[in-house]
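Below is one structure, written out as structure tokens, with a few remarks after it.
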Amino acid sequence: MAYSSPSDTPLFPTTVVGSMPRPVFVQELLEPESLEELGPQAWRFRMDSAVSYMLAMMDSTGIDIVTDGEWRRRSYTDVIAQMVDGFVPGKQFDSMWHQVVEPIGNPRHFIAQEGAYIKAHTDRKVKVCLPSPFILGQRMWHPEASKGAYPARHDFVRATVPFLRAELEAVRDAGVEVAQMDEPHLSDFCDPVARRKFDDPDRDLDFLVQCVNDVVQGVQGIQVALHVCRFNRGRGGWRNDGSYEPIMSALKKLDVDQLTLEFSIPAAGDMQVLRELPEDRQVALGCVDCRSADIDTPEQIAARVETAMQFVSKERISLAPDCGFAPGFTSTIPLDEAYLKLKNEVKASQILRERHG
């Protein structure tokens, strides 16, 4: 893509992947009956107050590129049901996620509104996250309930593309500096066991890449990142093992500015694969563990970055946790734990700037 980082971006910029743990009162606000009980005005006041608190916490960590912790969302995939009509709650079908039952439509710029609020309440650079089309098809298309609207899963995936593209453009127009697409299923293609669930994994991987590119190609004026997630199960760890090598050709085809890759867990394999990335790709290096209760020291984090610097230039590296701290709204990772981990990420960046700046 043609994006170039702002000239005031420091060396070793720090960021988050997206979500932060939600206190119980925020979880309760996200329950469907909460809006009904409180009414729109009172509900919005409480949610805005909660998000403002999260932004103050982000500012306190010193992170360079912030999010609102995705506190307005039940999950990073179900946000599509807050953007467009056509979905029903998944509990009707024994699913954790909303399911599509009608042709999607009536778009609302929900994510862009998130971004506009963040921009108005911080002086830091802002990131917002959008789901990849492919994961929406994997989670939100039901073979029985959805077939009347979309006979095949790929039909639904294709239908999401114009809505996601319009949202990306609205996010850009809101002044947001970074938009990140989240796609855990890319890591399925790294794992020999996970690949078996696809009838034609090579075809599906090509389809995934094409759909992401259809969303982002030609959108100028905003940095576009893609997060290759390994499914954050909190204390339960992750789902997919394996080096990024099997998907390296796919990563090279993605028309994005930055790849957000997990490397603080052994499942990710060796960092040597970074040398295979095109030189115009930035890397948001997952160098902070977001799953265990252990809090990485600044030196541990800096050491991971210095390992990566053997394979990719320092000018291309940002620091990030491996994943969002709370992809689902009921995550039980303590908020204070995430706060301390982000503070150490910032301290690690300061160490690196002193050594290599």
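For Met96, the CE atom sits in a loose shell: 12 or fewer heavy atoms of surrounding residues, nucleotides or ligands are nearer than 6.0 Å. Residue Arg203 qualifies as open at atom CZ: its count of foreign heavy atoms under 6.0 Å is 12 or below. Residue-environment remark: CG (Asp200) exceeds the threshold of 12 foreign heavy atoms within 6.0 Å. Residue Asp94 places its CG atom among 12 or fewer non-hydrogen atoms of other residues, nucleotides or ligands, all under 6.0 Å distant.
Leu164 places a side-chain heavy atom less than 4.5 Å from the side chain of Leu136. A heavy-atom distance below 4.5 Å is found between the side chains of Val283 and Leu277. The shortest distance between side-chain heavy atoms of Val17 and Thr260 falls below 4.5 Å. With a 4.5 Å cut-off on side-chain heavy atoms, Met181 and Pro133 count as touching. You'll find the side chain of Pro23 reaches within 4.5 Å of the side chain of Trp71, heavy atoms only. Between Thr122 and Met58 the shortest side-chain heavy-atom distance does not fall below 4.5 Å. In this structure, the side chains of Leu186 and Leu226 come closer than 4.5 Å at one or more pairs of heavy atoms. Contact check for Phe207 versus Arg158: side-chain heavy atoms found under the 4.5 Å cut-off.
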>> Go through it in stages, so that I can follow the logic: the residues are Asp59 and Arg124, the test is salt bridge (charged side-chain N to carboxylate O under 4.0 Å, His left out), and I'd like the CA-CA distance, side-chain angles, deciding distance and then a yes or no.
In response: CA-CA 8 Å; Asp59 285 348; Arg124 298 179 186 274; 3.1 Å; yes
>> Go through it in stages, so that I can follow the logic: the residues are Ile135 and Glu183, the test is side chain to side chain contact (heavy atoms under 4.5 Å, CB included), and I'd like the CA-CA distance, side-chain angles, deciding distance and then a yes or no.
In response: CA-CA 6 Å; Ile135 192 175; Glu183 185 41 85; 3.7 Å; yes
>> Would Ser75 and Trp97 count as a side chain to side chain contact (heavy atoms under 4.5 Å, CB included) here? Give the steps.
In response: CA-CA 9 Å; Ser75 79; Trp97 302 285; 4.1 Å; yes
> Given Leu352 and Leu319, is the side chain to side chain contact (heavy atoms under 4.5 Å, CB included) satisfied, shown in steps?
Replying inline: CA-CA 11 Å; Leu352 291 163; Leu319 279 64; 4.1 Å; yes
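Looking at His154, Lys197, Arg195, Gln138 one by one, the single match for side chain to side chain donor-acceptor pair (under 3.5 Å) with Asp204 turns out to be His154.
For the pair Arg304 (side chain) and Phe263 (backbone), a donor-acceptor distance under 3.5 Å is absent. Listed for the Lys341 side chain is a donor-acceptor partner under 3.5 Å among the backbone atoms of Asp289. Counting only distance, with no hydrogens or angles, the side chain of Glu114 and the backbone of Glu70 share no donor-acceptor pair below 3.5 Å. At distances below 3.5 Å, at least one donor-acceptor pair connects side-chain atoms of His227 with backbone N or O atoms of Asp322. A donor-acceptor pair is defined here as one N or O able to donate and one able to accept, closer than 3.5 Å; such a pair exists between the side chain of Gln27 and the backbone of Arg22. In terms of modelled atom types and a separation under 3.5 Å, the side chain of Glu167 and the main chain of Ile111 share a donor-acceptor contact. Lys314 places a side-chain N or O within donor-acceptor distance of the main-chain N or O of His356, the cut-off being under 3.5 Å. Panel note: side chain Glu262, backbone Arg230; a donor-acceptor pair is recorded below 3.5 Å. A distance-only check finds no donor-acceptor pair linking the side chain of Asp182 to the backbone of Cys229 [under 3.5 Å]. For the pair Arg275 (side chain) and Gln310 (backbone), a donor-acceptor distance under 3.5 Å is absent.
Atom OG of residue Ser313 and atom CG of residue Leu274 lie 11.0 Å apart, to the nearest 0.5 angstrom. Distance check: His185 NE2 to Leu208 CG gives 9.0 Å after rounding to the nearest 0.5 Å. Rounded to the nearest 0.5 angstrom, Met57 CE and Ile63 CD1 are separated by 12.5 Å. With rounding to the nearest 0.5 angstrom, the CG atom of Asp294 is 8.5 Å from the CD atom of Glu337. Interatomic distance, Cys287 SG to Gln300 CD, rounded to the nearest 0.5 Å: 11.5 Å. Expressed to the nearest 0.5 Å, how far CG of Asn344 lies from OH of Tyr339 amounts to 11.0 Å.
No continuous path of hydrophobic side-chain contacts links Met83 to Val101 [ILVMFWY only; heavy atoms under 4.5 Å]. Cluster annotation: Ile104 is not connected to Phe93 through the hydrophobic network of ILVMFWY side chains, with a link wherever side-chain heavy atoms come within less than 4.5 Å. Note on Phe325 and Leu335: same hydrophobic cluster, where clusters join Ile, Leu, Val, Met, Phe, Trp and Tyr whose side-chain heavy atoms are under 4.5 Å apart, directly or indirectly. Under a hydrophobic clustering in which Ile, Leu, Val, Met, Phe, Trp and Tyr are joined whenever their side-chain heavy atoms come within less than 4.5 Å, directly or via other members, Ile247 and Val193 fall into different clusters. Ile351 and Phe12 fall into different hydrophobic clusters, where Ile, Leu, Val, Met, Phe, Trp and Tyr are joined by side-chain heavy atoms under 4.5 Å apart, directly or via other members.
A donor atom on one side chain and an acceptor atom on the other are not found under 3.5 Å apart for Gln82 and Asp78.
By the ring-ring contact (aromatic ring centres under 6.0 Å, His included) test, Phe198 pairs with Phe189, sequence neighbours left out.
Using a cut-off of 4.0 Å between Lys/Arg side-chain N and Asp/Glu carboxylate O, Lys119 and Glu177 are scored as salt-bridged. Remark: Glu299 engages Arg355 in a salt bridge, criterion side-chain N to carboxylate O under 4.0 Å.
Pairing each heavy atom of Gly357 with each of Leu11, the nearest pair is CA-CD2, 3.7 Å. Considering all non-hydrogen atoms of both residues, Arg353 and Pro10 come closest at NH2-CG, 3.4 Å. Scanning both residues, Pro13 and Asp64, for their nearest heavy atoms gives CA-OD2, 3.4 Å.
A cation-pi arrangement is absent between Arg316 and Phe311 under the rule of less than 6.0 angstrom and at most 45 degrees off the ring axis.
The side-chain hydrogen bond (donor to acceptor under 3.5 Å, both in side chains) analysis of residues 34-51, with sequence neighbours excluded, yields the pairs Asp48-Arg72.
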